[in-house]
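Right, one structure below, let's go through it.
What you are looking at is a predicted structure, and each value in this text was computed from that prediction instead of being measured. Values below: all heavy atoms of this structure, side chains included; hydrogens, waters and symmetry mates excluded. Each ligand, and each atom within it, is numbered from 1 in the order the structure gives.
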Amino acid sequence: MNLGIIGCGAIGTDVAKAADAMKEIKKIYLYDINKKASKALCKTIKKGEIQNVTDFLNDVDVVFEGASQQAVMEYAEQILKEDKDLILMSVGSLFDDHFRKKLEKIAREKHCKIYVPSGAVCGIDGILSAGVGGLNEVTLVTTKPPVSFGKSFDERTVLFEGNARDAVKKFPANINVAASLSLAGKGFDDTKVEIVADPVATRISHKILAHGAFGRLRVELENMPNPNNPGSSYMASLSAIATLRRIIDPIQIGA
Ligand SMILES: NC(=O)c1ccc[n+]([C@@H]2O[C@H](COP(=O)([O-])OP(=O)(O)OC[C@H]3O[C@@H](n4cnc5c(N)ncnc54)[C@H](O)[C@@H]3O)[C@@H](O)[C@H]2O)c1
């Protein structure tokens, strides 16, 4: 299997290095608008080759996007129209209902898949299963040290309470987590979001609370930063690599 990677930053680098060690992957095409980034990554792996997206599309089975929402807007349609599966990290791009439905339509017609890794949150499998039986309520509570908001607070302060759609307008840095959760569960308008600045917090944490016909769910994750990008959670890279393994492996675990 051949892999194309768009975005050779923190997550793209972790995925490329992991893919380089997977015997099922023969070739890894790399593209980044910043040529220095793709060149630097290419030097560190054995199966890498730098090419433009349009040039490598013919020769790949799966494309991994770890770049930006802009990159998704630019390449997703083209990738799917070429019958290639897409793993998409910049999931905030799917907030646009019109754009998301367009991608879904192409993927259906072309019999290919858009994989959205769970990223910097956990519990997405539970939310997916619970949704089948009906979810009454899903809430995301994101807590960050005040410095993450560029502010200082002496006590725990709730900065936002509302739905996911409004949360991402006011706090775009939280966009990917809110988008994955909304897509898995009750959608952007009915997923509640609380954003908290807490001087006691040392890490970015995401707590998911849900209840429905299945019972009650509570999942909390404290994220370590990616060693190559303190603004990115290490878990996001790990979930991207796990998604790639999921595509390759015959046994599919989880909802
Ligand atoms: N789903 C999640 O939970 C989750 C978690 C963390 C990050 N993300 C998203 O994943 C993406 C990558 O994150 P990262 O931490 O690796 O970022 P990063 O800044 O370390 O790397 C991004 C790379 O993509 C390149 N790039 C940007 N726009 C591009 C384009 N149009 N075409 C080609 N290359 C482009 C940049 O030059 C950079 O090298 C971001 O969009 C980020 O918001 C998602």
Side-chain angles (χ1 to χ4, degrees), residues 4-19 28-44 48 50-57 63-79 86-96 99-100 114-125 127 140 142 144 148 164 167-168 171-184 188 191 193 203-208 219 221-244:
I5 292 186
I6 305 176
C8 302
I11 303 177
T13 295
D14 289 337
V15 168
K17 287 183 176 171
I28 305 166
Y29 291 103
L30 303 171
Y31 173 72
D32 197 296
I33 34 167
N34 174 2
K35 289 194 171 65
K36 278 188 189 164
S38 46
K39 273 187 189 163
L41 176 55
C42 199
K43 277 185 195 155
T44 68
I50 298 170
Q51 269 198 24
N52 289 328
V53 178
T54 314
D55 295 331
F56 72 53
L57 265 188
V63 177
F64 172 80
E65 177 281 326
S68 61
Q69 289 190 43
Q70 185 53 41
V72 179
M73 304 285 182
E74 212 172 319
Y75 298 113
E77 268 189 74
Q78 190 187 352
I79 292 165
L86 172 64
I87 306 174
L88 190 151
M89 287 312 288
S90 304
V91 53
S93 56
L94 302 183
F95 258 109
D96 180 334
F99 180 64
R100 189 182 67 253
I114 303 165
Y115 295 93
V116 178
S118 46
V121 279
C122 290
I124 295 291
D125 54 345
I127 295 293
L140 168 71
T142 294
K144 301 187 182 191
S148 301
V168 301
F171 293 88
N174 207 37
I175 197 164
N176 291 304
V177 169
S180 318
L181 183 62
S182 300
L183 287 169
F188 301 114
T191 300
V193 176
R203 305 265 177 244
I204 294 174
S205 81
H206 300 294
K207 184 160 66 184
I208 296 174
V219 180
L221 169 77
E222 289 204 21
N223 275 311
M224 290 292 282
N226 188 302
N228 298 318
N229 177 359
S232 201
S233 298
Y234 187 38
M235 184 58 120
S237 286
L238 301 178
S239 83
I241 296 164
T243 300
L244 186 56

Could you check whether any side-chain N or O of [X] sits under 3.5 Å from a backbone N or O of [Y], counting only pairs where one atom can act as donor and the other as acceptor?
X: N176; Y: G119; answer: no
X: E65; Y: M89; answer: yes
X: D32; Y: A37; answer: no
X: S232; Y: N229; answer: no

When you compare ligand 1 with [X], is there at least one nitrogen or oxygen pair between them that comes in under 3.5 angstrom?
X: S180; result: no
X: Q69; result: no
X: Y31; result: no
X: N229; result: yes
X: S90; result: yes
X: M89; result: yes
X: I33; result: yes

Tell me which protein heavy atom sits closest to [atom], plus the residue, atom name and distance to 0.1 Å.
atom: atom 3 (O) of ligand 1; result: A120 N, 3.0 Å
atom: atom 43 (O) of ligand 1; result: N176 ND2, 3.0 Å
atom: atom 16 (O) of ligand 1; result: I11 N, 2.9 Å

Partner of I79 by side-chain contact (heavy atoms from CB on, under 4.5 Å), out of I114, L86, V72
L86

Please tell me if the side chains of P225 and R203 come closer than 4.5 Å, counting only heavy atoms from C-beta onward.
yes

How about F188 and L183: do any of their side-chain heavy atoms sit closer than 4.5 Å?
yes

Once side-chain contact (heavy atoms from CB on, under 4.5 Å) is applied, do any residues pair with A19, and if so which ones, sequence neighbours excluded?
L3, I25, I28, L244

Could you work out, with side-chain contact (heavy atoms from CB on, under 4.5 Å) as the rule, every residue matching T191, not counting sequence neighbours?
V138, A164, L181, S182, K186

Determine, considering heavy atoms only, which of [options] sits nearest to [atom].
atom: atom 22 (C) of ligand 1; options: S38, G66, A10; answer: G66
atom: atom 39 (O) of ligand 1; options: V91, D32, L181; answer: D32
atom: atom 31 (N) of ligand 1; options: A67, A71, P172, S93; answer: A71

If you count the atoms of ligand 1 from 1 in the order shown, which ones are under 4.0 Å from a heavy atom of [X]?
X: N34; answer: 37 (O)
X: S232; answer: 6 (C), 7 (C), 15 (O)
X: A236; answer: 5 (C), 6 (C)

Any chance the side chains of T13 and N228 put a donor and an acceptor closer than 3.5 Å?
no

